[in-house]
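Written below as structure tokens is the structure these notes are about.
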Amino acid sequence: MKTLFLTSFHGYISRNLLLTDFFRIISAQDDLTLVLIVPKGKKIYFENHFKRSSMIIEEVSFETPSSISLASLVAKRAAKYALNSRSTAIERRIKWKLEGRFFYFLGLWILAHVVSSHRVFRRILRSFDFYFAPRGRFDDLFLRYRPDAVFATDMLNERDIEIAHQARRTGIRVLGMIRSWDNLTLHGLLRVIPDRLFVSSPRVKELAETLHDVSSKHIEMVGIPHYDRYIRG
């Protein structure tokens, strides 16, 4: 019997996956224990709408862990602005015009261009982020269920990044998904490279390769699952 952790930390995930054939099929597997991990206070909602006989729902508090450090916050902010895309350039200019902090946004511009200029710099940033990442939030779940894999359904969501880091520390396979078409150009550098990344289109696949260092052999194009109902209709 295999155990899979599946995250649902963002409202769109319910639409993107839990209301699709993917969820119906995977939750019906006889040889799989599915553990759906949701925010604290949401367990009853998910039980009412998505509970299956073979599925376990666990809720997790999002209070700031005691292990968080200044270095972790710096790594998080650096990853946010270490992406040099047209979207992030526009965002930086807008913030500069609104906030007027020239030297601050000049620093962000330099960071984006230096880190994005070479894969080595991105690798160093990811290693720094991994080393100083917060710990402890998911320890109990990993000890209790000992999952075979973690499916982080939004690889740029802070909580999905945290559980992916935990999986990496314990040698567990990480599967990942991009929540929306614009995430790879706007929401910063991928801080964890999953063992398998699911994307919606050739363009998103190209962005994962060119901007985020994901090997093409580790990317699967799966379309947009919640559009399937319209195709059938």
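All of these numbers come straight from a predicted model, not from anything done at the bench.
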Parallel, tilted or perpendicular: rings of F138 and F142 (30°, 60°): perpendicular
Please answer whether the main-chain N or O of [Y] pairs with a side-chain N or O of [X] as donor and acceptor at a distance below 3.5 Å.
X	Y	answer
S200	I224	no
H212	L184	yes
R137	S61	yes
S180	N183	no
D148	T3	yes
R52	F50	yes
T7	T153	yes

Closest non-hydrogen atom pair, L17 against P225: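 Minimum heavy-atom contact is CD2-CG, 4.2 Å.
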Hphob cluster co-occupancy, L197 + L186, side-chain heavy atoms under 4.5 angstrom: no
Nearest-0.5 Å distance that lies between atom [atom1] in [X] and atom [atom2] in [Y]:
X	Y	atom1	atom2	answer
I26	L4	CD1	CG	5.0 Å
R173	L175	CZ	CG	6.0 Å
T170	I172	OG1	CD1	3.5 Å
L211	E209	CG	CD	10.5 Å
L18	S8	CG	OG	4.5 Å

Sequence-distant partners of Y45, ring-ring contact (aromatic ring centres under 6.0 Å, His included), two or more places apart: H49
Contacts of F9 that satisfy ring-ring contact (aromatic ring centres under 6.0 Å, His included) - sequence neighbours left out: F62
Given F23, F5, F198, the one that forms ring-ring contact (aromatic ring centres under 6.0 Å, His included) with F151: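 Of F23, F5, F198, ring-ring contact (aromatic ring centres under 6.0 Å, His included) with F151 is met by F198 alone.
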Passing option when Q166 is tested against E162, R169, R168 for side-chain hydrogen bond (donor to acceptor under 3.5 Å, both in side chains): R169
One thing to verify: whether [Y] and [X] come together as a salt bridge, which I'm taking to mean a side-chain N less than 4.0 angstrom from a carboxylate O.
X	Y	value
R24	D21	yes
E59	K42	no
R122	D129	no
R135	D139	no
E58	K40	no
D154	R159	no

Partner of L6 under side chain to side chain contact (heavy atoms under 4.5 Å, CB included), chosen from L36, V38, I37: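 Of the listed residues L36, V38, I37, the side chain to side chain contact (heavy atoms under 4.5 Å, CB included) partner of L6 is L36.
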Heavy atoms of other groups near K76 NZ, more than 12 under 6.0 Å: no
Heavy atoms from other residues, nucleotides or ligands near CD1 of I25 exceed 12 (cutoff 6.0 Å):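 Enclosed: over 12 neighbouring heavy atoms sit under 6.0 Å from CD1 of I25.
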